[in-house]
Every structure is written in structure tokens, then in C-alpha cells.
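A quick write-up on the structure given underneath.
As a basis for the values below, the full set of heavy atoms in this structure was taken, side chains included, without hydrogen atoms, waters or symmetry mates. Computed from a predicted structure; not experimentally measured.
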Number of protein chains: 2
Amino acid sequence: MVADKRRSEQPRDVLGRAPSLADTLAARLREELASGRLKAGERLPTEQQLSQTYGVSRPIVREAVGRLKHDGLVLSRQGAGAFVADPKASSVFRLDVANFSDKGDLRHIVELLMAVEASATEHTAERHSDADLATIRARLNEMQAAIDRGESGVDEDVAFHRAIIDATGNPYFRDLSEFLDRRVRTFIRTARANSARLAGMAQIVQGEHQAIFDAIVARDPQGARAAAETHLKNAAARLAIYLDR
Amino acid sequence: MVADKRRSEQPRDVLGRAPSLADTLAARLREELASGRLKAGERLPTEQQLSQTYGVSRPIVREAVGRLKHDGLVLSRQGAGAFVADPKASSVFRLDVANFSDKGDLRHIVELLMAVEASATEHTAERHSDADLATIRARLNEMQAAIDRGESGVDEDVAFHRAIIDATGNPYFRDLSEFLDRRVRTFIRTARANSARLAGMAQIVQGEHQAIFDAIVARDPQGARAAAETHLKNAAARLAIYLDR
DNA sequence: GATAACCAAGTTGCCTGACAAGTACGGTTT
DNA sequence: AAACCGTACTTGTCAGGCAACTTGGTTATC
């Protein structure tokens, strides 16, 4: 495993990256499936045919079809062929956040994040263990310590929310909100970077955190949900400020 | 950005399909990344090295790495190599529902479904158009018609909820709840198949639908959320009955 | 001596051709 | 008519090779 010394030179994938042939072919086939020209259970053209139709080699076709298989859209049997999978039976879900810079898109993401986090907070309020509570309290204190040190506390902020979500014991909540959180909060982080009003705002955020924590301690699900919702709503509002500049 | 430890790549024993080499290799590499032996920004071994290390041909390595690229875990630049992607920057999320028969897993799924649908219903109540409302009403009537014909109305049930979700205009709500819905409701459908108490229950369900619809019409977000929550909670309870038998 | 142009090795992207393993279908045999 | 079998077809895998691109060091130039 050779280490790359120039870590700052992380390749920018989003822009400038020419899509590979397999990528474009996979996209076209996906379109073909979505359009309904190929129905569930039907057989796809053979790799040979596909390679001729689209003018690429068979390994490329294999790679493209392999992705569809990976995403649960097709199934293949050696010797028989590849078949369109029944969407009802598909067990994988794929979420693509393509154009994150788009403001409408960001709003949609935040809405989903709010739905998940508010519900998770509610659940945690009604079924947390003592150990869960101790962890959450520790994160809350760390956030305060970061603020006292004059830092933004964004990382501690994330950790606090994550502790709450983890306490639900629901891996789907955990994974989904971790993903959404990362997307939204890295956005916030970069947006905040040039801001001067950092210190005061962090303390306001902390106050909202305290309200959430108190409701959890009191085992008050409704209150916890409400506190989480206002917190997230405020966060979205604060975010909007930076978006408009 | 991957959601699950129970990767579907390894034990695809569902239909007896032996996992392909590319599948298993992809799973091993994924493990390698998740374990942290390879950190973000580092370069992966070359395809040549990988093919020697794991004793497979280079096309197989390409296919495996291609899946990691597809899932946003790896980025590659022609001539330079393949690099571990920064999870923070990853823009794809993958949700794997591997062992759906597991009861705990089903509960987690239902919890997520409830979170998404309740929030979506709330949003629709506060910002629906007349056209949205007309569509939802149509679905409600179709459900009633199905019940009057003595059918279970499961399809119409799904369509009703889907109309509400669509009205939010949030594609992430739509896609996610469609996926979860499909998983849960096909389960319900098969569970219900042998049940005799079908007719009466369908009418009860319809009553809950009516409550949701009324709250939406009244543009009462809180009421809509509450109605949706009770409906989903009841649905989960009804489901539990069939699970326990 | 510092800087710019350049070259060679290494790497991924893609291709052709081939063989093995498994499947489907039609013809043959019983 | 039913069971059997062989052949063509399809996917899974491998080997080797060329083109495009990146990188780092070397050489040429000022």
C-alpha cells in the first residue's frame, strides 16, 4: 500500500471527470430499464449483442451490467442470461445527491435530515439506557468545552447528534443520518469559515442542544421531537443566511 | 458511503447464486477500506498488484474496483492510480436490506418508514396544491371502490400514500419511501394472504386514511402528522399479529 | 544556479481472442 | 409418449496487448 504524499491534491471527481464508457453504458441501460421498455423477468440482450449495439467491447458491457446487478436491478445466471429483476424484490436502495450546490436540492436534503433526526430524537427520549445518556451528556460537555476554547465546535456538534441517533439502536437511522449529516454539515462548515459571528452563534446552538438533552433526560418524546425540530429549523435558517450571501 | 455491514455481495444464497469473483473481491476491498487500513487520500495497490495478491485476472480486479468507484468509495485517474475517496465528499448512499425476514430488522425498517411518511404527510398538509389534493382524493376513492368490490385494496393503499408523498415535491422522500413501502407492503401482502378477517380490516384502514385526508384538506400539519402516525402505528401492530403466528 | 522542456517508466482505460462452466432446446432413442 | 443426450448458446474468467495519461527525474536552456 503506497501512501500518497500530496494529500491536498485529492482528485476532484465532481467536475472535469470524463465518464467512463462503462459508466455511460450503465446509465443508458438503467434508462432502458426505467423507461419500461424492458419489463421485469424479461431477458436482456446478450453481452455479445450489447457490445455490438453500443460499439464497445464485452468487458465494458460486463462492467456496466455488473453495476446494474450490484444495484439489484438485474440478475444473471451463467449459461442462461441476464434478467430484469423484480423491483419489489430488490433489497438495495441507492441515493444519489448529484447537484448539491443547487439550493432546492439542499432544501430537500435538509427536509429529509430533519425527518430522520427528529424521529430518532423522539425514539431516544422514550427508550434510552443510562449508558446512552452518559454518552450523550459527554458529547454535550465536549461541545461546551470547544466553545469555551473559542472553536466552532462543528465536529462536536456532529458527535452530539450522532450519539442521540446511535441510542435508537436503529442502524438505518444511523447510516442515513450520518450520510445526510455529513453532506449538510460539511456544507455548513465551509460556509461558516469566513464568518465572524462564530462564537455567539455556537453558544446559541449549544442552548438548543441543551433543550434537546433535557427533554431526553425527562423521557419526554414529544418535547424531544419539538426541541430537535426547532433546532434543525433554526440551523436551516442560519444556513440560508450564508447561502444568500 | 455504505450503509450496511451485512453486504449482499457475499452471501447471495437467496437463490443459490454463487457469488462471482468480482463480488467477493469487491467485498474484501470494501472491508479493507472500512477497517481503516487504507485511509482517505491514499492510493490503492495497482490493478496488477491486486490481481497478483488475490489471484484473479485484471478484468476481475477492474470490475471489483469499478463497483467501489460506483459507490463513491474510490476515485481513479488514468495514469495516476486509484485513490480512497473522502467519505465526507461522497455523494451516494446505499441502503442494503439483506435479511428482511429478521424481525428486529423489519421493526427498524418500519420505524424509518414511519419517520419519512409522517414528515411527508405533514409537509403535504401545509403546502399542497389543488391538483395534489384532487389526486389524493381520487386515490382515496379508488381504495373505497376496491373495498366495496371485496378486494384487499393493498395496491390502492400504496397508491394513496404515494400520492401524498409525491405532493411534497421532494424526490428524496419519494424515492426512499417508495423503496421502504415496497419492502414492507409486499411483506404485509404475503402475510395477509391467508387471512380471513380481510374485509373488516380494510375498512378500518380506510377510516384512518380518511382521517389523514381530512387533516390535509384542513391544512392542519400537526393533525396530519398525528393521523399518519396513528395509521402507521396501527399498521405495524396489525403486522405484528401476523408476524407472531 | 535556477528554470523550463522533455523523456521514460508506470498506471489506468479499453480492446481482441479464447476457454471453461452452465443452460436451453431440439432430436434421438427407448 | 417420455426419458435421454448432444449441440449451440450464454455467462464467467483468463491472457496479452495497445493507447492515453500522469509522474518524477533528467537534460537542455537561459
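Projected onto DNA chain C by closest heavy-atom contact, B/Glu47 and A/Gly79 fall at different nucleotides, the more 5' of which corresponds to B/Glu47.
The outermost nucleotides of DNA chain C lying under 4.0 Å from heavy atoms of chain B, listed 5' to 3', are C/dG10 to C/dC14.
Listed by first then second residue, pairs satisfying ring pair (Phe, Tyr, Trp, His ring centres under 6.0 Å) with a partner in residues 21-53 of chain A number zero, not counting sequence neighbours.
Residue contacts shown for A/Ala82 are limited to sugar-phosphate atoms, with no base heavy atom under 4.0 Å away.
Residues passing the ring-ring contact (aromatic ring centres under 6.0 Å, His included) test with A/His231 are A/His161, A/His209, sequence neighbours excluded. Residues passing the side-chain hydrogen bond (donor to acceptor under 3.5 Å, both in side chains) test with A/Asp181 are A/Arg185, sequence neighbours excluded. Under the side-chain hydrogen bond (donor to acceptor under 3.5 Å, both in side chains) criterion, A/Arg67 pairs with A/Asp23, A/Glu63, sequence neighbours left out. Judged as a side-chain hydrogen bond (donor to acceptor under 3.5 Å, both in side chains), and not counting sequence neighbours, the contacts of A/Gln49 are A/Thr46. Residues passing the side-chain contact (heavy atoms from CB on, under 4.5 Å) test with A/Arg37 are A/Glu32, A/Ser35, sequence neighbours excluded. Residues satisfying the side-chain contact (heavy atoms from CB on, under 4.5 Å) test with A/Ser119, not counting sequence neighbours, are A/Phe173, A/Arg225, B/Ala115. Every residue meeting the side-chain contact (heavy atoms from CB on, under 4.5 Å) condition with A/Asp96, not counting sequence neighbours, appears here in chain and number order: A/Arg94, B/Val92. Every residue meeting the side-chain contact (heavy atoms from CB on, under 4.5 Å) condition with A/Leu21, not counting sequence neighbours, appears here in chain and number order: A/Thr24, A/Val56, A/Ile60.
A heavy atom lying under 4.0 Å from DNA chain D marks the following residues of residues 48-61 of chain A, by number: A/Arg58. Near DNA chain D, meaning a heavy atom under 4.0 Å from it, residues 26-34 of chain A has no residue at all.
Within the 4.0 Å cut-off from OP1 or OP2 of D/dC9, not a single side-chain nitrogen or oxygen of A/Thr46 is found. The phosphate of D/dG12 (OP1 or OP2) has a side-chain N or O of A/Lys69 nearer than 4.0 angstrom.
Between A/Gln78 atom CD and D/dG12 atom P the separation is 6 Å, expressed in whole Å. Between the CD atom of B/Glu63 and the P atom of D/dC14 there is a distance of 11 Å, given to the nearest Å.
Remark: A/Glu31 does not engage A/Arg28 in a salt bridge, criterion side-chain N to carboxylate O under 4.0 Å. Using a cutoff of 4.0 Å between basic side-chain nitrogens and carboxylate oxygens, A/Arg174 and A/Glu178 are not scored as salt-bridged.
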